[in-house]
Amino acid sequence: MRGSMAVVQSLLAEHIEIIFGYPGGAIMPIYDDLMEYEDKIHHILVRHEQGAAHATQAYSQVSGKVGVCFGTSGPGATNLITGITNAQIDSVPMVVITAQVPSALIGTDAFQETDVMGLTMPITKWNAQVTMAEEIPETIAKAFYIAVSGRPGVVVIDITKDALLSELEFQYEKAPRIRSYFPYPDLKMENINQAADLINKSKKPLVLMGHGVLIGKAENIFKDFVERAELPVASTLLGLSAFPSSHKLFVGMLGMHGNYAPNIKTNEADLIIAIGMRFDDRVTGRISAYAKQAKIIHIEIDKSEINKNIEVDVAIHSDVKMALTALLPKIQANAHSDWLNEFRESDKIEYEKVIKKECLPEIGGIRQGEVIKVLSDKTKGHAILVTDVGQNQMMGARYFKFENPNSLITSGGLGTMGFGLPAAMGAAVWIKDRPVIAFLGDGGFQMTIQELGTIMQEKLPVKIVVVNNNFLGMVRQWQDLFNNKRYAATHMITPDFVKICEGYGIKGKKIEQREDLSQAIDEMLACQDAYFLEVMVEKEGNVFPMITPGSSVSEIVLE
């Protein structure tokens, strides 16, 4: 068979059912052969390659599968770059297949030629260029193994057009291992014992739950672990939904716009237990003032993250589930009632100064926080929430109560505006039994608004909520706080979104009054098809609490 069919057969061997992509000249042979298997692999035609990458990431996260997307040479490949970077930083397994000009033309500045290897090397877990048809099966097999093993990530395979058109004797074998690649480190029991000793002796422990708990499918053993010794659980942004928001041990979100209690208590704890997280700058604040009083245990599968930002006392280089399984029997049953009560007392302060004003306002315009609270209450925390980036993202993370794993899909490390709509689309391809809600700002929505066409064509029942303040809200907030309200290039006049959605066959409504909010959300959730709801919110609302740049976590401000 020719190389292009080998690509298709390799994907079938990996049980791929969904591909997001956009055709073009160089990749056309794959698309031609893909038509023979439309009953086994469904290709989703996006409206822009960036949308393909974001949709693939979300699909991977909610399905637990390796996501796959296609792009042609030149601009097709470069349009994928943002989405590739986003997924790589957030440790999501994806295989991205791009086509390249014929091998004889590489380096000649041929039409639609781009150095895909050079562009993607810094932003992928692995990349490879294939110039011979017979290399295709083995390269794809390696790609799937590398993408999903150890700390997951993105693999890019760039295949020249002559390799796609040449013939080979096809044989596909999955890669059970790769020489010199050891994704699963050996667990050292002496480190487990040291960690158990610290946990059993601790009076004020605090667990920092990261994305690794979800990636490692360790939610159940994690719950058993923290319940054994009644350990307070704080979450990073990407860790949210790994542990129920309603659980008595959950004390909130860490970070710049996280909850008051877990941030200030970080600098009061005697033990920090960091699990599957990387001590990102948004979590630590000023590093020189971070948890200096505490012993720190770090469970992390990526060795490069250990002692990178924060020096730790016990490093457990391991898969999270494996480490917790070994650690659990060594943990003594315990209670930290007084310590937990300190978090609840701090919660009361945040409620009075921030949450009550944001989620239950009595005067003024509609607040973003009250919109997300109504969504959370009406779905009982069982929806898939997909956010864009900015104020909408922080409000969604703060006020939606997550009851199921992998229920928050958001752009963490890269902070990509435009992520939300195509990501919601990708999630809705897999999720059929719960509503998928895209919670977006007016700025981010317009960055990838063309994916309304994909939603229309695929008949995806995405519920789109745009909180419109006619500003690039988070940038405006920083201008408010740090630039003396000099709102440079952040005011935004928006079009008639409802009419645009109607043009795509999507029902829509715009509301401006608080008394219309509850009924409008009911109507949206009751709709069996895609639905658009625009909520005009207070123009100059800010997200608090906030750890201002250069401050420590204990210097978090409430207003």
Can you check whether V429 reaches E458 side chain to side chain, under 4.5 Å on heavy atoms?
no

Return yes if a side-chain donor-acceptor contact under 3.5 Å exists between Q457 and R47, otherwise no.
yes

Name the one of D115, T139, D158, T98 that satisfies side-chain hydrogen bond (donor to acceptor under 3.5 Å, both in side chains) with Q129?
D158

Got a sec: does the CD of E134 have more than 12 other heavy atoms crowding it under 6.0 Å?
yes

Hey, are K507 and E502 close enough for a salt bridge, meaning a charged N less than 4.0 Å from a carboxylate O?
no

Answer yes or no: does atom CZ of F111 have more than 12 heavy-atom neighbours from other residues, nucleotides or ligands under 6.0 Å?
no

Can the ring centres of F182 and Y184 be said to be less than 6.0 Å apart?
no

Between R2 and D33, is there a salt bridge with N-O shorter than 4.0 Å?
yes

Would you please indicate if the ring centroids of Y31 and F70 are separated by under 6.0 Å?
yes

Without hydrogens or angle criteria, can the side chains of N392 and Q368 be said to hold a donor-acceptor pair below 3.5 Å?
no

Are any of the side-chain nitrogens in D280 or R278 under 4.0 Å away from the carboxylate oxygens of its partner?
yes

Donor-acceptor contact below 3.5 Å, side chain R476 vs main chain Y487:
no

Show your working on ring pair (Phe, Tyr, Trp, His ring centres under 6.0 Å) between F279 and H298 and close with a plain yes or no.
CA-CA 10 Å; F279 290 107; H298 193 186; 5.1 Å; yes

Would you say the ring centroid of F445 lies under 6.0 angstrom from that of F497?
yes

Does a side-chain heavy-atom distance below 4.5 Å link Q50 with T416?
yes

Result block: side-chain N/O donor-acceptor pairs under 3.5 angstrom for residues 6-28, not counting sequence neighbours:
residue: Q9; atom: NE2; partner: Y37; partner atom: OH; Å: 2.6
residue: S10; atom: OG; partner: A6; partner atom: O; Å: 2.7
residue: E14; atom: OE2; partner: Y172; partner atom: OH; Å: 2.6

Give a yes or no answer on whether the side chain of S60 reaches the backbone of K65 with a donor-acceptor pair at less than 3.5 Å.
yes

